Student: 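First the structure, then my questions, so here it is.
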Protein chains: 2
Amino acid sequence: MATIYDVAELAGVSPATVSRVFNGTNVSEEKVAAVRNAAEKLKFTPNRTARTLRRQSSEVIALVIPDIENPYFTEMARGVEDVASEAGYSVVLCNSDAQVEKEATYLRIAIAENMSGVIIATADERSDLDGVLATGRPVVAVDRSTSYDIDSVTMANRSAGTSATRSLIDAGHRRIAYIGGPAHIDTAAERAAGWRSVLASAHPGHALDELERFTTFRVDGGRSAMEELLALREPPDAVVAGNNLIGVGAIQVLTEHGLTPPEVGVAVIGSLPFTTLSPTAVTVVRLPARHMGVTAARMLLDRIDGDTQPARTVVLRNEVQPASATRR
Amino acid sequence: MATIYDVAELAGVSPATVSRVFNGTNVSEEKVAAVRNAAEKLKFTPNRTARTLRRQSSEVIALVIPDIENPYFTEMARGVEDVASEAGYSVVLCNSDAQVEKEATYLRIAIAENMSGVIIATADERSDLDGVLATGRPVVAVDRSTSYDIDSVTMANRSAGTSATRSLIDAGHRRIAYIGGPAHIDTAAERAAGWRSVLASAHPGHALDELERFTTFRVDGGRSAMEELLALREPPDAVVAGNNLIGVGAIQVLTEHGLTPPEVGVAVIGSLPFTTLSPTAVTVVRLPARHMGVTAARMLLDRIDGDTQPARTVVLRNEVQPASATRR
DNA sequence: ATGAAAGCGCTAACAC
DNA sequence: GTGTTAGCGCTTTCAT
């Protein structure tokens with residue numbers, strides 16, 4: 001690989017001049033031309049590692065998410081990527097697999113590679129951001145909030161829970177269960193709280209506990225919880241799914257039991273990825289995944305550019321698409 | 001951030017010794033202890049950028065895929081990631097969006113960042129690997145083959161096409177259409193060829209052209225092609241979908257027209273991601289996405305370790321799951 | 001506007 | 001086994 005020294009020699013200038021040409025500072029027209037020419041001839045690509053070492057920062061941001069196979073997060077990733085690459089940054093996708101240890105490893109890498117910032121959907125409430133923050137790098141939390149005083153982009157989780165539940169009530173359902181992600185993740189807890197509050201006021205005095213299930217944010221979680229609910233002496237006549245994958249699992253189980261929605265009512269918090277269901281059968285509370293990614297990326301870039309205002313918290317709205325609505 | 005010099009000073013040794021401790025070469029027990037101690041105290045993390053610059057290679061591999069939102073590719077990514085991280089490598093996921101230009105940008109970054117290798121599902125037959133290959137970095141092609149003489153992992157695409165089509169014939173369908181990805185992508189062409197050959201021998205003399213559709217490997221591609229097919233004066237009674245997303249799109253349209261499978265027969269090449277359909281309604285030819293990623297990663301690591309044998313071509317088998325089979 | 005030179009943090013000869 | 005030292009390729013003062 002050619003270096004700036006090779007280019008400098010061929011162009012008859014100093015390495016510093018070559019560097020300047022590639023960084024857009026004051027160089028005379030002729031020299032610029034000479035350098036570009038030489039660079040072309042040698043197929044020169046500036047070595048980013050060297051630049052990063054020298055500059056102590058690289059145009060790379062880390063996006064740490066708990067499940068790369070969940071379309072919700074890949075959609076978010078697209079949002080991040082679009083904004084970032086527009087600004088000349090690359091995005092490194094890191095899959096923490098919802099494990100704090102893996103997450104920690106990736107954060108360490110982000111530091112060690114001099115990345116300029118991190119956008120993270122934390123694995124857990126035990127996620128440790130001390131290390132990154134100590135280096136002064138900006139960190140933006142997405143999807144889930146943290147106990148740190150940092151920028152965060154979340155959405156109206158509680159209201160997502162209430163909207164989903166209400167649409168089921170409006171459709172005439174009475175015994176409405178909730179299946180959500182791990183109770184210790186704030187999004188899951190908030191959505192459950194929304195469900196609970198609606199039911200509490202609709203049917204005061206009814207016991208809700210046996211209708212509430214906390215599981216993983218994955219298809220198998222939705223499946224097993226739905227099986228449990230169906231095995232109840234008095235099964236629910238509707239269910240709120242706490243995220244897209246839980247929704248898929250729940251619907252799978254219902255279908256297998258011959259209870260295809262809307263026979264049993266289903267409201268999903270999150271878009272049904274690649275659904276093949278009739279769009280009228282299920283209520284969907286669409287989450288602003290992409291928008292979230294876009295917003296987080298913008299905030300992070302601001303910080304990278306030196307913005308020092310107090311930590312901002314952005315809460316995005318959701319969009320309910322009741323079971324009766326027409327497609328798109 | 002602390003450097004090896006800081007650690008060296010605190011531990012009372014030379015920087016070289018610190019480096020040795022972190023790279024597992026011969027150092028006396030006491031010094032190892034002293035260094036680890038000092039490192040701990042200073043919260044020292046080796047700076048990878050510097051190491052990379054010095055070593056001229058980094059423990060990062062690039063995985064370039066055309067659609068990060070397609071579960072097929074994320075599943076593959078998981079396979080790559082698992083093998084890579086086991087071996088101490090990180091994986092950078094790059095989304096080419098099926099555009100040769102974006103792909104080229106990422107390949108340039110891979111070079112400029114001294115990454116040690118690339119696994120790529122090319123965007124196109126015009127994909128240009130000259131640059132990376134010229135640097136001597138190993139490149140492994142996955143999913144799609146290339147015109148370069150490099151390791152590649154693909155699967156039995158033609159036979160996937162024939163299996164899918166046969167299962168439809170076995171189920172009693174006669175007028176079987178095919179919707180596939182862009183004709184210039186080899187996987188799409190091969191799968192179509194499989195379909196064509198089965199029909200040609202089953203119904204010799206029948207015209208196939210009007211039943212064959214090439215579109216994008218995305219949901220909207222499947223949707224529009226299915227709409228076209230249904231608009232035919234003599235619509236098909238079954239369809240082979242060339243990939244998972246096309247399958248989703250086709251099934252969506254069929255459902256919207258009240259033709260829920262198996263009313264119209266559907267065979268999908270690729271797993272239906274997060275399907276909520278009854279598993280008995282649709283034939284699925286499962287593709288070894290994860291296995292493909294695993295294999296490619298192993299091959300790449302071999303090459304990184306200096307393996308110089310001639311380029312290998314691995315073709316993986318698929319697994320047919322006919323419409324009547326039970327789940328999982 | 002341009003060049004000389006120092007140095008980012010690490011590793012790998014090379015000496016001892 | 002351990003220290004000394006010379007770079008890896010780039011950017012950035014500081015002179016000129």
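None of the values given here were measured: they were computed from a predicted structure. Protein chains get the first letters and strands the later ones, always in sequence-line order, with residue 1 at the start of each. Values below: every heavy atom of this structure, side chains too, minus hydrogens, waters and symmetry copies.
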Student: Is it the case that B:Arg218 and B:Asn70 place a side-chain donor and acceptor less than 3.5 Å from each other?
Tutor: no
Student: Between B:Tyr106 and B:Asn95, is any side-chain donor less than 3.5 angstrom from a side-chain acceptor?
Tutor: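 Distance-only check fails for B:Tyr106 and B:Asn95.
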Student: Got a sec? Which of residues 106-114 of chain A come in under 4.0 Å of DNA chain C, heavy atoms?
Tutor: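 None, since no heavy atom is under 4.0 Å.
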Student: For atom CD of A:Glu101, decide whether the heavy atoms of other residues, nucleotides or ligands shown that lie under 6.0 angstrom number more than 12.
Tutor: yes
Student: A:Asp186 side chain to A:Ala188 main-chain N or O, any donor-acceptor pair under 3.5 Å?
Tutor: no
Student: Just the endpoints, please: which first and last nucleotides of DNA chain C, 5' to 3', lie under 4.0 Å from a heavy atom of chain A?
Tutor: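 From 5' to 3', the first and last contacting nucleotides are C:dA1 to C:dG9.
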Student: May I ask you to check whether B:Phe22 and B:Phe44 place their ring centers less than 6.0 Å from one another?
Tutor: yes
Student: Regarding B:Asn114 and B:Ser58, do their side chains bring together a donor and an acceptor under 3.5 Å, going by distance alone?
Tutor: no
Student: Any donor-acceptor pair under 3.5 Å linking the side-chain atoms of A:Asn23 with those of A:Arg51?
Tutor: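 Distance-only check passes for A:Arg51 and A:Asn23.
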Student: Summarise protein proximity over nucleotides 11-16 of chain D in one line of letters, 5' to 3': B for base, S for sugar-phosphate only, - for none, counting protein heavy atoms closer than 4.0 Å.
Tutor: BBB---
Student: Would you say the side chains of A:Ser57 and A:Arg55 form a donor-acceptor pair under 3.5 Å?
Tutor: no
Student: Are a donor atom and an acceptor atom from the side chains of A:Glu69 and B:Thr74 found within less than 3.5 Å of each other?
Tutor: no
Student: Quick one: do the B:Tyr72 and B:Asp67 side chains pair a donor with an acceptor below 3.5 Å?
Tutor: no
Student: For A:Asp6 and D:dG9, give me the distance from atom CG to atom P, rounded to whole Å.
Tutor: 9 Å
Student: With a 4.0 Å limit, can you tell me whether B:Ser14 has a side-chain N or O closer than that to the phosphate oxygens OP1/OP2 of D:dG3?
Tutor: yes
Student: Taking OP1 and OP2 of D:dG1, is either one under 4.0 Å from a side-chain nitrogen or oxygen of B:Asn26?
Tutor: yes
